[in-house]
Amino acid sequence: MTSTAVKQAPTVGLAVAIATFGVAGIAIASRAVEDRALALLHVGSSLVSSLYIGSGFNPAGAAMVALVLFLAGTVSGLSGFAFSAVAACILWLLPPLQAVPLIMLLSVCNQLLSVGALRREIVLRSTPEREGALAYIAGGFVGAPIGLGLLQALPMRLFAGGLGLFLIIYSMLVLLKPDRLRIRLSGWKPATAVGAAGGIIGGFSAFPGSIPVVYLGLRGLGKSETRNITQPYILALQLISLGILALTRSSIFDMQFWLLWALTLPAVLLGTSTGLTLYRRFSEVNFRRAVLILLIVSGVSLLAKSLI
């Protein structure tokens with residue numbers, strides 16, 4: 001076996017494991033239905049009928065969903081974040097209660113594939129040579145429930161729009177004057193605070209990685225150090241959100257949901273693999289530029305979400 005094949009084997013194995021999980025999810029869901037064949041036909045017809053755009057069914061709807069998710073996977077595979085910012089476009093094609101949990105689960109699969117492929121770059125516990133992600137994750141565990149609670153009590157459209165404007169203005173300033181905006185604040189205390197802030201924002205915006213990405217960018221960390229923190233952080237917070245959603249709205253995860261997930265998963269995995277290939281070819285400078293551009297995309301997405 002060649003060295004290239006050895007490097008690709010863990011990625012292929014992880015993709016197969018995720019796909020197997022999808023098939024298992026469909027099988028488990030179908031056990032609740034007595035006539036599985038008729039149930040599958042019913043779910044298939046319901047899935048097709050749900051892809052409406054405008055006044056009637058558009059055969060291009062399914063292709064558009066797959067294309068958007070492929071691009072979301074590519075963007076996240078390249079940068080380590082912004083999957084939800086791009087994938088949120090399918091809210092124009094699918095009902096929110098169907099699209100939001102689908103995006104969250106596909107984001108988890110996307111992050112699992114990326115973390116598996118870059119596992120040698122991932123460090124959870126900090127060492128003298130490298131900062132770990134554990135402090136950020138611990139802060140996120142505290143912040144995420146707070147953000148979900150605030151979602152029910154405060155005008156989150158205003159907060160989401162304000163965050164979107166901040167990301168756009170910050171990214172444009174750094175793109176224009178990259179060397180003037182720098183901080184030296186580091187350590188587990190600011191890392192925990194940043195993780196908590198990201199968790200709170202993620203609770204009402206679904207973009208938990210935005211604050212850690214801004215903080216790490218202001219410190220001038222390289223692409224490997226940035227992904228070492230953002231990848232496991234986003235993965236952990238998405239799992240928390242999915243767990244809370246499964247406990248409070250379990251009816252969402254029906255057979256139709258698992259079928260839709262299984263149909264869209266290949267596009268995400270293909271996009272993620274493409275993004276990872278691009279990531280390895282990007283220089284440090286081009287990576288920083290790509291991250292800032294994607295922060296602008298995230299800001300625009302938040303603004304659009306606050307106006308809908």
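Just so you know, residue 1 is the first one in the sequence shown, and it goes up from there.
Here the closest heavy-atom approach between residue Ser76 and residue Gln111 is recorded as OG-NE2, 3.5 Å. Pairing each heavy atom of Leu237 with each of Gly199, the nearest pair is CD2-CA, 3.5 Å. When all heavy atoms of Phe282 and Lys223 are compared, the pair lying nearest together is O-NZ, 2.6 Å.
Looking at residues two or more places apart in sequence or on another chain, you find a side chain to side chain contact (heavy atoms under 4.5 Å, CB included) between Ala197 and Ile211. Partners of Thr74 according to the side-chain hydrogen bond (donor to acceptor under 3.5 Å, both in side chains) rule, which considers only residues two or more places apart in sequence or in another chain, do not exist here. Applying the side chain to side chain contact (heavy atoms under 4.5 Å, CB included) test to Val68 and every residue at least two apart in sequence or in another chain returns Cys89, Ile90. The side chain to side chain contact (heavy atoms under 4.5 Å, CB included) check on Leu67 picks up Leu71, with sequence neighbours excluded. Residues that satisfy the side chain to side chain contact (heavy atoms under 4.5 Å, CB included) test with Thr272, not counting sequence neighbours, are Asn110, Leu113, Ser114, Val268, Leu276. The side-chain hydrogen bond (donor to acceptor under 3.5 Å, both in side chains) test applied to Ser283 returns Asn286, not counting sequence neighbours.
In this structure, the side chains of Leu105 and Trp258 come closer than 4.5 Å at one or more pairs of heavy atoms. Counting heavy atoms from C-beta on, the side chains of Leu106 and Thr264 come closer than 4.5 Å.
Between the side chain of Arg227 and the backbone N or O of Phe81, no donor-acceptor pair lies under 3.5 Å. Tyr233 contributes no side-chain N or O that, together with a main-chain N or O of Gly140, makes up a donor-acceptor pair within less than 3.5 Å. Between the side chain of Ser171 and the backbone N or O of Ile168, no donor-acceptor pair lies under 3.5 Å.
Between Tyr215 and Tyr136, the ring-plane angle classifies as tilted under the 30° and 60° cut-offs.
The distance from the CD1 atom of Ile229 to the CD atom of Glu225 is 8.5 Å, given to the nearest 0.5 Å. A distance of 11.0 Å separates CG of Leu278 from OG of Ser273, quoted to the nearest 0.5 Å. The structure places OG of Ser210 at 12.5 Å from CG of Leu294, a figure rounded to the nearest 0.5 Å. Taking CG of Leu265 as the reference point, atom CG of Leu260 lies at 11.0 Å (rounded to 0.5 Å). Within the model, atoms CG of Leu69 and CE of Met64 stand 10.5 Å from one another, a figure rounded to the nearest 0.5 Å.
Under a hydrophobic clustering in which Ile, Leu, Val, Met, Phe, Trp and Tyr are joined whenever their side-chain heavy atoms come within less than 4.5 Å, directly or via other members, Leu239 and Phe257 fall into the same cluster. Hydrophobic clustering (ILVMFWY, side-chain heavy atoms < 4.5 Å, transitive): Val213 and Val300 are in one cluster.
Sorted by first and then second residue, the pairs that involve residues 130-140 and meet salt bridge (charged side-chain N to carboxylate O under 4.0 Å, His left out), not counting sequence neighbours, are Glu131-Arg219.
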